[in-house]
Amino acid sequence: MASVGPSTTSTQPALPSGPAVFITIPYAFILPEIVCGTWVWILVAATSVSLPLLQGWVMYVSLTSCLISLLLLLSYLLGFHRNSENWKVLDSLYHGATAILYMSAAVLQANATINSEFSPNSPLYYQLNSAASFFAFLTAFLYILHAFSIYYQ
């Protein structure tokens, strides 16, 4: 006997392609992630790296996540996903892992900022490190928003 009530199967929303990527949540977060991440590695590169191990990790995380996010954005713009459900899983795993890595990088950058406050060239490097810390935490927040919005979608 067929049921008359509403269907229990739900349809997944289609993955955006082309310019629709820029207006569809959570995919609209990709471009701000790239821009803020680019600011992080530009600002860290402009400072005098007093703690190479700490700021090397910040540079590695920001540069690789920026490049991978750029490739992901291009794949969405060009429609390489072909509306496959695997792309949602890939996107969710990537943004979740990157959010964790970026949060660790932001904390290390904040530590480098505190240490640069007492350096001889204090005013300039402290301001650059402070701005890098701000953008690192902002970028980590954007990656967290993206990962959670994919998860709850």
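Basis for what follows: all heavy atoms, side chains included, without hydrogens, waters or symmetry-related copies. We number each residue from 1, following the sequence as shown. On a predicted model such as this, the values are computed, not experimentally measured, just so you know.
- Once rounded to the nearest 0.5 Å, the distance linking CD of E33 with CG of L70 reads 12.0 Å.
- Residue I30 is not grouped with residue I100 when hydrophobic side chains (ILVMFWY) are merged at heavy-atom distances under 4.5 angstrom, including chains of intermediate members.
- Of all the heavy atoms in A46 and L128, the pair that sits closest is O-CD1, 3.7 Å.
- Checked against ring-ring contact (aromatic ring centres under 6.0 Å, His included), H95 has the following partners two or more places apart in sequence or in another chain: Y143, H146.
- Counting all heavy atoms, side chain and backbone alike, A105 lies closest to V58 at O-CG2, 3.3 Å.
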Can W87 and L72 be said to form a side chain to side chain contact (heavy atoms under 4.5 Å, CB included), step by step?
CA-CA 10 Å; W87 278 87; L72 192 62; 3.8 Å; yes

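- Closest heavy-atom contact between C36 and L142: SG-CD1, 4.1 Å.
- Summarising the geometry, atom CZ belonging to F29 is positioned 14.0 Å from atom CD1 belonging to I34; distances are rounded to the nearest 0.5 Å.
- Atoms CZ and CD, on F137 and Q109 in that order, are 9.5 Å from each other to the nearest 0.5 Å.
- T113 and S130 share no donor-acceptor pair across their side chains, judged by distance under 3.5 Å alone.
- Other residues, nucleotides and ligands contribute only 12 or fewer heavy atoms inside 6.0 Å of the CZ atom of F141.
- At least one donor-acceptor pair closer than 3.5 Å links the side chain of N129 to the backbone N or O of Y125.
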Kindly indicate, with the supporting measurements, whether the criterion side chain to side chain contact (heavy atoms under 4.5 Å, CB included) is fulfilled by Y102 and I144.
CA-CA 9 Å; Y102 234 109; I144 290 168; over 6 Å; no

Quick one, S69 with Y94, criterion side chain to side chain donor-acceptor pair (under 3.5 Å). Give me CA distance, side-chain angles, the key distance, then yes/no.
CA-CA 9 Å; S69 292; Y94 165 70; 2.9 Å; yes

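- In the hydrophobic cluster analysis, where Ile, Leu, Val, Met, Phe, Trp and Tyr join through side-chain heavy atoms closer than 4.5 angstrom, L71 is grouped apart from L77.
- V44 and I114 end up in different hydrophobic clusters when Ile, Leu, Val, Met, Phe, Trp and Tyr side chains are linked at under 4.5 Å.
- Looking only at distances, no side-chain donor or acceptor of S62 sits under 3.5 Å from a matching main-chain atom of V40.
- Residue pairs meeting the side chain to side chain donor-acceptor pair (under 3.5 Å) criterion with at least one partner in residues 38-47, sequence neighbours excluded, do not occur; the list is empty.
- For the atom pair CE (M103) and CG (L108), the distance works out to 12.0 Å, reported to the nearest 0.5 Å.
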